[in-house]
Number of protein chains: 2
Amino acid sequence: MSENHDSPSNPHLNDMSTLDKPDSNSTKLGSPSTLASGDNDAPTTLIEVARTAGVSPSTVSRILNGTAKVSDEKRQAVMDAIAKTNFAPNQMAQGLKKGKSMTIGIVVQDISSPFFDETLHGVDDALKGTGYASVIVSGHWNAAEEIERIRLLLARKVDGIILLSGRITDESVLQFSQHRPIVSTGRDIHTDKALGFKLDNEYGSWLAVRHLIELGHRRIAFITGPSNNCDAAERLTGYQRALQEADIPFDDKLVVEGDFHESSGMRAINHLFDTQQQFTAVCAANDLSAYGARLSLYRKGIRVPEDISLVGFDDLPGSSYTTPPLTTVKQPLYEIGRIATKALLNIINGEVVETSIPPLELVVRETTRRTR
Amino acid sequence: MSENHDSPSNPHLNDMSTLDKPDSNSTKLGSPSTLASGDNDAPTTLIEVARTAGVSPSTVSRILNGTAKVSDEKRQAVMDAIAKTNFAPNQMAQGLKKGKSMTIGIVVQDISSPFFDETLHGVDDALKGTGYASVIVSGHWNAAEEIERIRLLLARKVDGIILLSGRITDESVLQFSQHRPIVSTGRDIHTDKALGFKLDNEYGSWLAVRHLIELGHRRIAFITGPSNNCDAAERLTGYQRALQEADIPFDDKLVVEGDFHESSGMRAINHLFDTQQQFTAVCAANDLSAYGARLSLYRKGIRVPEDISLVGFDDLPGSSYTTPPLTTVKQPLYEIGRIATKALLNIINGEVVETSIPPLELVVRETTRRTR
DNA sequence: CTGTTAGCGCATTCAA
DNA sequence: TTGAATGCGCTAACAG
């Protein structure tokens with residue numbers, strides 16, 4: 001990036017077709033400013049706009065908010081003044097006055113986990129064009145921290161909260177929802193200020209295991225999630241149910257506890273081998289641990305899917321690019337974020353709330369194969 | 001954080017957790033009466049606290065901010081009132097008054113890209129305990145959108161901005177920095193309100209290619225990033241320099257343009273094969289495209305690293321769990337986020353700004369091997 | 001249609 | 001030490 005090459009005649013991409021006041025003051029950067037335009041650094045206030053337009057503050061406010069009809073004449077004057085001063089309403093003042101911050105709080109458990117990021121992507125898209133911004137905080141899988149974070153969000157006067165994979169109790173959620181509406185994943189809640197919805201985890205892993213069984217597998221290992229995690233527990237149940245339906249005896253030696261991270265997937269496989277278990281397929285409670293399992297298998301010289309089949313859960317963005325691409329149960333992460341956000345906005349605006357989350361589905365890629 | 005007996009320096013509501021202790025920590029989570037508030041849902045105001053404590057609002061404010069000495073007697077009364085009403089200062093009001101929002105804006109280009117998420121992780125950690133929260137927005141690799149987003153952030157009165165991989169010109173950054181301090185990656189800027197720092201991309205890919213050359217490779221393909229991206233261009237230069245230093249002729253047939261995504265990595269490899277290029281190693285401009293390359297190679301039955309060596313750039317969290325684990329150039333993503341944030345906070349607080357970013361380094365894992 | 005008058009909740013003068 | 005005023009910038013009655 002060179003600094004001097006830009007020809008001044010090439011306004012970057014700013015439309016604000018206002019002419020910069022030639023001299024006036026500042027712009028000490030030594031280049032004609034086509035960007036921030038207004039030129040001065042002192043943030044303009046609505047009152048100044050009113051003054052330079054020769055109208056009252058309320059008139060400016062009315063135009064900004066479309067609160068009442070204003071004569072074209074004055075409107076034009078105000079528009080000009082706004083353009084000239086590059087005015088933008090102070091959101092803190094607006095917020096104080098209106099009692100809403102145009103901000104929603106998002107509670108995740110791990111910023112920088114592809115699981116949450118994909119959901120955040122959906123949130124972000126749903127927020128686009130609404131005027132709302134989001135403040136993202138992390139509870140780090142810890143109820144106490146989660147509560148503290150939610151309190152912080154509340155003090156910031158967020159207009160609503162989205163709680164992703166929260167660890168706090170439903171009662172807590174209900175409590176908080178008395179202050180601000182909350183939409184939460186992983187719960188069944190339906191009040192006018194709190195909404196929770198959950199996916200059928202049991203069904204999801206049932207799908208995965210049934211798929212394996214249909215391929216002829218009978219000795220299927222299962223890598224669980226943390227024992228205190230409900231999603232994890234439900235997925236284990238799905239595994240058990242699928243086994244049962246196929247009259248395959250449940251063998252707890254084939255179940256190894258993981259923690260949803262890659263490393264635990266590796267450890268799980270190692271443990272299975274250390275304890276000499278026989279199995280032809282592995283079902284992991286999430287994709288990340290499937291990745292770890294895959295690597296451990298690779299290290300042991302075991303081929304996937306030729307020697308052992310592997311299936312994950314989540315369908316993270318990276319799962320279609322693993323080697324080989326991972327067969328997994330797709331969670332509609334993006335949609336969850338998008339729909340949760342829309343629902344929250346609906347609640348905030350007193351509109352009808354509608355949620356229809358796409359169901360879980362099995363995505364068969366290349367890590368599973370018929371037993372020989 | 002926070003010794004809050006006499007040092008008034010850090011008010012915010014971190015104190016609240018301390019204040020709450022007697023009440024809310026003594027009982028178990030989820031017991032309704034101790035969680036969200038004493039009882040009512042109406043957010044308490046400082047005035048109410050003053051009233052129930054029998055003092056003036058200013059006294060409460062003084063205690064909250066440590067602005068002046070207050071008799072122990074009144075202090076106690078106020079503390080009690082705060083605890084009882086579960087009061088937390090309205091940040092919008094505080095913001096309006098003090099002119100700062102205790103919020104910083106982060107501009108990324110792609111929420112839900114592991115590249116940015118890892119950096120955000122660093123940001124998040126650096127913000128911990130400071131009282132600041134962050135609003136994350138995405139410019140989607142588009143200068144116009146980026147400008148719009150920054151304007152939004154400014155209207156929200158963020159106290160500072162961190163710009164990650166921005167597409168706007170340095171001049172624009174300088175302009176914006178007249179309003180709020182900005183720290184940006186990928187630039188060299190040093191003013192009192194704007195700081196930019198960049199990593200040595202050229203050196204990074206030079207490291208990668210030299211590694212390949214040392215392993216005996218001479219026909220090394222290179223998958224670039226988008227042609228309009230500086231980082232990408234610099235990495236290509238590093239590749240060329242390494243080749244030159246080893247007296248290996250540059251062959252532009254071995255250079256294929258990608259876009260930093262997995263799919264382009266696949267396409268690149270396919271293209272190389274379609275055009276019958278001979279090569280024993282592939283250097284990708286980033287990890288994501290290396291993942292794609294890896295998959296394409298797998299599909300073609302070509303082994304990595306036995307038949308072809310592969311090296312990436314970034315060292316994303318997932319790169320140590322690919323099959324096999326990816327040799328790559330590590331960017332200190334987390335550190336970048338953390339350091340940028342600390343620097344921004346320093347600027348905001350008028351403190352000395354210090355930045356020392358760890359250098360790029362080659363992480364040799366299992367996708368590279370000596371030619372036979 | 002438009003201007004004037006009050007505050008939103010808080011921090012900060014200024015007196016006392 | 002403390003309380004009483006005075007806005008921060010904006011919107012929402014309330015009159016014209």
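Since the model is a prediction, treat every value here as computed from it, not as a measurement. All chains are named by letter (A, B, ...) in the order of the sequence lines, taking the proteins before the strands, and each is independently numbered beginning at 1.
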What's the closest nucleotide to the [X] side chain, out of [options]?
X	options	value
B:K74	C:dG9, C:dT4, D:dG3	D:dG3
B:A93	D:dT2, C:dC10, C:dG3	C:dC10
B:R62	C:dC10, D:dT2, D:dC10	D:dT2
A:S56	C:dG3, C:dA11, D:dT2	C:dG3
B:K69	C:dT12, D:dG9, D:dT1	D:dT1
A:T59	C:dC8, D:dT2, C:dG3	C:dG3

- request: Examine the side chains of A:Q76 and A:D72 and answer whether a donor and an acceptor come within less than 3.5 Å of each other.
  value: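 Per modelled atom types, A:Q76 and A:D72 side chains form no pair under 3.5 Å.
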message: Assess, by modelled atom type and distance only, whether the side chains of A:S61 and A:S58 contain a donor and an acceptor separated by less than 3.5 Å.
response: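 Not at all, the side chains of A:S61 and A:S58 share no donor-acceptor pair under 3.5 Å.
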message: Let me confirm one number: the CZ-NE2 distance from A:R338 to A:H121, rounded to the nearest 0.5 Å.
response: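 The CZ atom of A:R338 sits 11.5 Å away from the NE2 atom of A:H121.
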- request: Indicate yes or no for a side-chain donor-acceptor contact from A:R180 to the backbone of A:V158 under 3.5 Å, with no hydrogens or angles considered.
  value: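 Looks like yes, one N/O pair under 3.5 Å.
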task: Output yes when a side-chain donor or acceptor of A:E145 lies under 3.5 Å from a complementary backbone atom of A:H140, and no otherwise.
output: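 No, because the side chain of A:E145 does not come within donor-acceptor range (under 3.5 Å) of the backbone of A:H140.
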task: For nucleotides C:dT2 and D:dG9, find the distance between their P atoms and express it as a whole number of Å.
output: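 Approximately 25 Å lies between the P atom of C:dT2 and that of D:dG9.
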query: When rounded to the nearest Å, what value does the distance between P atoms of D:dT6 and C:dT5 take?
result: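 Here D:dT6 and C:dT5 have their P atoms 16 Å from each other.
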message: For a quick check of understanding: with a heavy-atom distance under 4.0 Å over all strands, which category does B:S58 fall into, base, sugar-phosphate or nothing?
response: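 Base contact.
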- request: Please work out if B:L96 contacts a base, only the sugar-phosphate, or nothing of the nucleic acid, heavy-atom cut-off 4.0 Å.
  value: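 The residue B:L96 makes base contact.
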Quick one: is [X] getting a side-chain N or O under 4.0 Å of the [N] phosphate, OP1 or OP2?
X	N	answer
A:N90	D:dC8	no
B:K98	C:dT12	no
B:Q94	C:dG9	no
A:K97	D:dC8	no
A:S61	D:dT11	yes
B:S71	D:dT2	yes

In whole angstrom, what separates [X]'s [atom1] from [N]'s [atom2]?
X	N	atom1	atom2	result
B:N65	C:dT13	CG	C1'	14 Å
B:E48	C:dG9	CD	P	8 Å
A:R156	C:dC10	CZ	P	15 Å
B:Q76	D:dT2	CD	P	13 Å
A:M92	C:dA11	CE	C1'	14 Å
B:Q91	C:dC8	CD	C1'	16 Å
A:I82	D:dC10	CD1	P	10 Å
B:L154	D:dG9	CG	P	15 Å

- prompt: Can you tell which of B:V135, B:V183, B:L153, B:I162 makes a side-chain contact (heavy atoms from CB on, under 4.5 Å) with B:I104?
  reply: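 Of the listed options, the one satisfying the test is B:I162.
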